[in-house]
Amino acid sequence: MEPQADQAQPRSGGAWLAAGRAGPPPGVRLKQALLVAAAVVVVSATAVTVGLWWGEDGPALGAGPDDAFSTAPECAVVAAETVERVLPSGRLETNEHGPLSDADGALCAWTSVGADGAAPRVLQVDFEARFTDKAGEVTGASAAARELDRSTPITDLEGAAPLPSLGEDALVWPGEDEGTAELVYRSGNLVVRVFYGGAADSGGKPLSFGAARDGAVAVAEQIADSL
């Protein structure tokens, strides 16, 4: 799947970024929009996830019989009410879905930047359904668990915390920039990553980490309830 030229294609530098997944340049357009609208709040280039590209071995061949998710969820799984709660006047800006190596992925991003009277914020959700490998030796759930294992160094960050309500390996932590939070959790062979942040109001003051964390958790919990 080729990215459309007029869409921002964000990239992640997070500790959980899968080795070998090449992505396009950072989400410059969202950065610039937040700089203009909020003055002091910028979406970190390392806080949003990589675009959807085939892995080195080409596209996924399909889920195995024991893989609970045979495809990544659509962006519509994030309810409009949830988006409005954390991102008043937010609009869907990125809606990508395509194959990865031994996986299927979806990338969804909403922004309220430029909306009249709204606090400029960004919400991004990345879904990755990992599949049992071609040899049948590594299950999709095991591959997904390995993805979360890459988050282990993040636990040393001040403010990082586990999220038992989303599973034993779920984790939330402060984003690189003030007013942002990142979250990752797993459901079977599905990895869900959430980035949320921006300004507390239209004046441009950044959200507190607590508010950013609560917003990210609320989105993640709604997704978990819907799947």
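We use all heavy atoms of the structure for the numbers below, so side chains are in, but hydrogens, waters and symmetry mates are not.
- Residues Tyr196 and Arg121 approach most closely at OH-NH1, 3.1 Å, considering heavy atoms.
- Remark: the backbone N or O of Val191 is not paired with any side-chain donor or acceptor of Arg186 at under 3.5 angstrom.
- Heavy-atom minimum distance, Ala119 versus Ser112: O-OG, 2.5 Å.
- One finds the CZ atom of Arg213 at 8.0 Å from the OG atom of Ser208 (value rounded to the nearest 0.5 Å).
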Below 3.5 Å, can you tabulate the donor-acceptor pairs from side chains in residues 215-227 to any protein atom, sequence neighbours excluded?
from: Glu221; atom 1: OE2; to: Ser165; atom 2: OG; distance (Å): 3.0
from: Gln222; atom 1: OE1; to: Ala79; atom 2: N; distance (Å): 2.9
from: Gln222; atom 1: OE1; to: Thr82; atom 2: OG1; distance (Å): 2.9
from: Gln222; atom 1: NE2; to: Val77; atom 2: O; distance (Å): 3.0
from: Gln222; atom 1: NE2; to: Ser226; atom 2: OG; distance (Å): 2.8
from: Ser226; atom 1: OG; to: Gln222; atom 2: O; distance (Å): 2.9

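- If you take CD on Glu147 and CZ on Arg130, they are separated by 5.0 Å, rounding to the nearest 0.5 Å.
- Formation of a donor-acceptor pair under 3.5 Å by the Asp104 side chain with backbone atoms of Ala72 is found in this model.
- Under the rule for a side chain to side chain donor-acceptor pair (under 3.5 Å), Asp133 has no partner lying at least two apart in sequence or in another chain.
- For the residue pair Pro174 and Glu158, the shortest heavy atom distance occurs at CG-O, 3.1 Å.
- Under the 3.5 Å distance criterion, the side-chain polar atoms of Ser202 are left unmatched by any main-chain donor or acceptor of Ala118.
- Contacts of Ser187 classified as side chain to side chain donor-acceptor pair (under 3.5 Å), with partners at least two apart in sequence or in another chain: none.
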Pairs under 3.5 angstrom only: tabulate donor-acceptor contacts from the side chains of residues 85-92 to other protein residues two or more places apart or in another chain.
from: Arg91; atom 1: NH1; to: Val113; atom 2: O; distance (Å): 3.0
from: Arg91; atom 1: NH2; to: Val113; atom 2: O; distance (Å): 3.0

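- Here disulfide (SG to SG under 2.5 Å) pairs that include residues 186-227, with residues two or more places apart or in two chains, number zero.
- Contact detail for Phe131 and Phe69: the closest heavy-atom pair is CE2-O, 3.6 Å.
- Note on Leu163: it does not cluster hydrophobically with Phe209, by side-chain heavy-atom contacts below 4.5 Å among ILVMFWY residues.
- Within the 4.5 Å cutoff, no side-chain heavy atoms of Glu182 are placed close to those of Ile154.
- The side chain to side chain contact (heavy atoms under 4.5 Å, CB included) check on Glu168 picks up nothing, with sequence neighbours excluded.
- Residue Val194 forms a side chain to side chain contact (heavy atoms under 4.5 Å, CB included) with just one option from Val172, Asp126, Leu123, Val184, and that option is Leu123.
- Atom NE2 of residue His97 and atom CG of residue Leu107 lie 11.0 Å apart, to the nearest 0.5 angstrom.
- Across all non-hydrogen atoms, the minimal contact from Thr111 to Val122 is OG1-CG2, 4.1 Å.
- From Leu183, atom CG reaches atom CH2 of Trp173 across 7.0 Å, with rounding to the nearest 0.5 Å.
- Counting only distance, with no hydrogens or angles, the side chain of Asn189 and the backbone of Ala129 share no donor-acceptor pair below 3.5 Å.
- How far CG of Leu148 is from CG of Leu171: 8.0 Å, rounded to the nearest 0.5 Å.
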